[in-house]
Amino acid sequence: MNNRHYEYSKSNSGNRYHEYSLQGGGKSNRYYDYNKSTSGSSRKIKELLLKSDNQVCADCDAPDPKWASANIGVFLCLKCCSVHRNLSSDISKVLSVTLDEWSEEDIESMVEVGGNSSANSIYEAYIPKGVSKPKPNATIEERTKFIRSKYEFQEFLKPSLRMISSKSSFKTCASGVDSDSFYSPATSRNATDPSISIGTLKVKVVRGIDLAIRDFRSSDPYVVLALGQQKVQTSVKQSNLNPVWNEELKLTVPQRYGALKLQVYDYDTFSADDIMGEAEVDLQPFIAAATVFSDEELPADDMQVGKWLKSSDNALMKDSTINIIGGKIKQQIHLKLQNVESGELELELEWIPLHQ
């Protein structure tokens, strides 16, 4: 089974995807140091090129590709490379295998993807009848149409993984529509009933760290989780700024889901409970990974299948990895609580598919 990898973060201008579905095809807002190179860069890229699937262009099967899309993780011929260059650099970051200096980030992206077969297993998963890949002698028009459909519009992804493009997201935000209502893998062209469940999210609230004081010397904290209209909460921990809950809460995930929102409160007997901080968990990378494996038997060996990246626009204390552990898809999350003087929270997500 291919080591499929997902990364996601947010930018100030809207939701943008890092290397979505095997590190590619999304809207990346990562900033690379183009002058930063590593001594082993040439060797690592050449080793990837030795793999048989990487010895032809990912988009047209032309032999001996000398170019690559670093954030998508594929090798390209010169003709397809020219089309990729006309896409937004957020969609495809084109580099020469032999002429350009590669940053460590770019090399890591290519290595983690593994090359053309892994990426195409996602981006060409559902090519409809009547549509075929361009041949090595295809015209520029044929290449452009296929490549834009494949990466920009993501028309060949599994339907549950298709996402609204950044342009659509900006338009939605500008019109004043709540972007959370659109924040799901389904495109607006394939709108689905938001009440239909796609699975269950099990959230283990592990512990709090250095929570804020809301009583005289301590607090009586509890955690509230919200997904859409659903709300669940933990028990109250008396007089404890470093509570250990290890409590599992379950939420149904609809077709159109937004962020998992959490708030920490101090329980008061005779007055309103005081807020002790809040945060949001972006579910996109986790559910995207879970959906990819929904039709497959999970591997027996533990493996990493995704990552939610720490950025200035989210509450992560560090990058959050998504792993297959003991036949289950799980994600470890360490959050810095927002709008409060102190406090951290550790969570673990687990995906429960519909058939279980």
Side-chain angles (χ1 to χ4, degrees), residues 8-10 180 199-253 257-287 289-290 302 304 306-326 328-352:
Y8 177 81
S9 69
K10 287 189 177 181
D180 275 354
T200 299
L201 181 68
K202 181 192 291 185
V203 184
K204 177 188 279 189
V205 181
V206 180
R207 63 172 180 151
I209 303 169
D210 296 329
L211 299 182
I213 297 175
R214 287 295 179 266
D215 295 330
F216 180 61
R217 292 183 177 176
S218 188
S219 296
D220 304 322
Y222 66 94
V223 180
V224 176
L225 303 177
L227 182 61
Q229 300 301 313
Q230 305 170 78
K231 285 189 177 182
V232 291
Q233 71 179 60
T234 67
S235 61
V236 177
K237 296 295 182 180
Q238 299 289 332
S239 301
N240 198 333
L241 299 181
N242 293 280
V244 176
W245 280 283
N246 281 325
E247 295 183 16
E248 294 181 345
L249 307 172
K250 292 182 179 180
L251 294 155
T252 299
V253 180
Y257 57 85
L260 174 67
K261 299 180 180 181
L262 64 90
Q263 294 177 307
V264 181
Y265 286 94
D266 169 50
Y267 177 77
D268 288 317
T269 304
F270 302 108
S271 61
D273 295 347
D274 297 316
I275 187 74
M276 296 173 61
E278 57 191 354
E280 291 190 357
V281 175
D282 177 23
L283 296 177
Q284 173 66 33
F286 178 72
I287 295 178
D302 294 351
Q304 181 179 322
K307 185 184 292 184
W308 176 28
L309 296 176
K310 175 186 175 182
S311 78
S312 60
D313 297 310
N314 60 41
L316 284 177
M317 297 288 292
K318 58 184 179 180
D319 290 351
S320 173
T321 60
I322 304 165
N323 302 281
I324 295 177
I325 301 175
K328 299 181 183 296
I329 297 178
K330 297 185 177 184
Q331 180 177 3
Q332 307 292 329
I333 300 174
H334 190 171
L335 298 168
K336 176 72 173 178
L337 294 174
Q338 307 295 293
N339 304 317
V340 67
E341 61 270 26
S342 67
E344 302 170 18
L345 202 65
E346 291 186 3
L347 307 174
E348 180 184 272
L349 305 186
E350 180 182 328
W351 182 252
I352 303 176

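Counting begins at 1 with the first residue of the sequence. When reading the values below, keep in mind they use all heavy atoms of this one structure, side chains included, and skip hydrogens, waters and symmetry mates. Bear in mind the structure is a predicted one, so any value in this text is a computation, not a measurement.
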Does the side chain of Tyr257 come under 3.5 Å of the side chain of Gln284 through a donor N or O and an acceptor N or O? yes
Could you give the distance from NZ (Lys261) to CD (Glu280), rounded to the nearest 0.5 Å? 5.0 Å
Can you measure from OH (Tyr265) to OH (Tyr222) and round to the nearest 0.5 angstrom? 6.5 Å
For Ala279 versus Lys336, what's the shortest heavy-atom pair and its separation? CB-O, 4.5 Å
Within the distance-only criterion (no hydrogens, no angle test), does the side chain of Ser219 pair as donor or acceptor with the backbone N or O of Pro221 below 3.5 angstrom? no
Could you tell me whether the side chain of Ser218 and the main chain of Asn240 form a donor-acceptor pair under 3.5 Å? yes
Is it true that Asn339 and Glu278 share a donor-acceptor pair across their side chains at a distance under 3.5 Å? yes
Rounded distance (nearest 0.5 Å) linking atom CG of Leu347 with atom NE2 of His334: 9.5 Å
Considering all heavy atoms of both residues, which atom of Asn242 and which atom of Ile209 are nearest to each other, and what is their separation? OD1-CA, 3.5 Å
Can Leu201 and Ile352 be said to form a side-chain contact (heavy atoms from CB on, under 4.5 Å), step by step? CA-CA 6 Å; Leu201 181 68; Ile352 303 176; over 6 Å; no
Consider only side-chain N and O atoms of Glu348 and Gln332, and report whether a donor and an acceptor are under 3.5 Å apart. yes
With sequence neighbours left out, which residue pairs that include part of residues 235-252 fulfil the salt bridge (charged side-chain N to carboxylate O under 4.0 Å, His left out) condition? Lys202-Glu248
Side-chain contact, heavy-atom cut-off 4.5 Å: Leu309 with Ser311? no
Side-chain heavy atoms of Asn314 within contact of Leu335, under 4.5 Å: no
Let me confirm one number: the CH2-CZ distance from Trp308 to Phe286, rounded to the nearest 0.5 Å. 12.5 Å
Hey, are the side chains of Val281 and Leu349 touching, using non-hydrogen atoms and a 4.5 Å cut-off? yes
Considering residues at least two apart in sequence or located in another chain, which fulfil the salt bridge (Lys or Arg N to Asp or Glu O under 4.0 Å) criterion with Glu346? Arg207
Can you name the residues that form a side-chain contact (heavy atoms from CB on, under 4.5 Å) with Ser342, not counting sequence neighbours? Ala212
Any residue meeting side-chain contact (heavy atoms from CB on, under 4.5 Å) with Asp268, in chain and number order, not counting sequence neighbours: Asp215, Asp266, Ser271, Asp273, Asp274
Find the distance between CG (Asp220) and CG (Leu211) and round it off to the nearest 0.5 Å. 11.5 Å
side-chain contact (heavy atoms from CB on, under 4.5 Å) for Leu225 and Val205? Distances and angles first, verdict last. CA-CA 10 Å; Leu225 303 177; Val205 181; 4.3 Å; yes
Just do the side-chain contact (heavy atoms from CB on, under 4.5 Å) check on Val232 and Leu251 with the steps written out, would you? CA-CA 8 Å; Val232 291; Leu251 294 155; 3.9 Å; yes
Sequence neighbours excluded, the answer for side-chain contact (heavy atoms from CB on, under 4.5 Å) partners of Ile213 is Leu241
Under the side-chain contact (heavy atoms from CB on, under 4.5 Å) test, which residues partner Asn246, sequence neighbours left out? Lys204, Val206, Val244
Nearest non-hydrogen partners of Leu283 and Leu227, listed with the distance: CD1-CD1, 3.8 Å
When rounded to the nearest 0.5 angstrom, what distance separates OH in Tyr267 from CD in Gln233? 10.0 Å
If you take all heavy atoms of Leu262 and Leu337, which pair is closest and at what distance? CD1-CD2, 3.9 Å
For the residue pair Thr321 and Asn323, confirm or rule out a side-chain donor-acceptor distance under 3.5 Å. yes
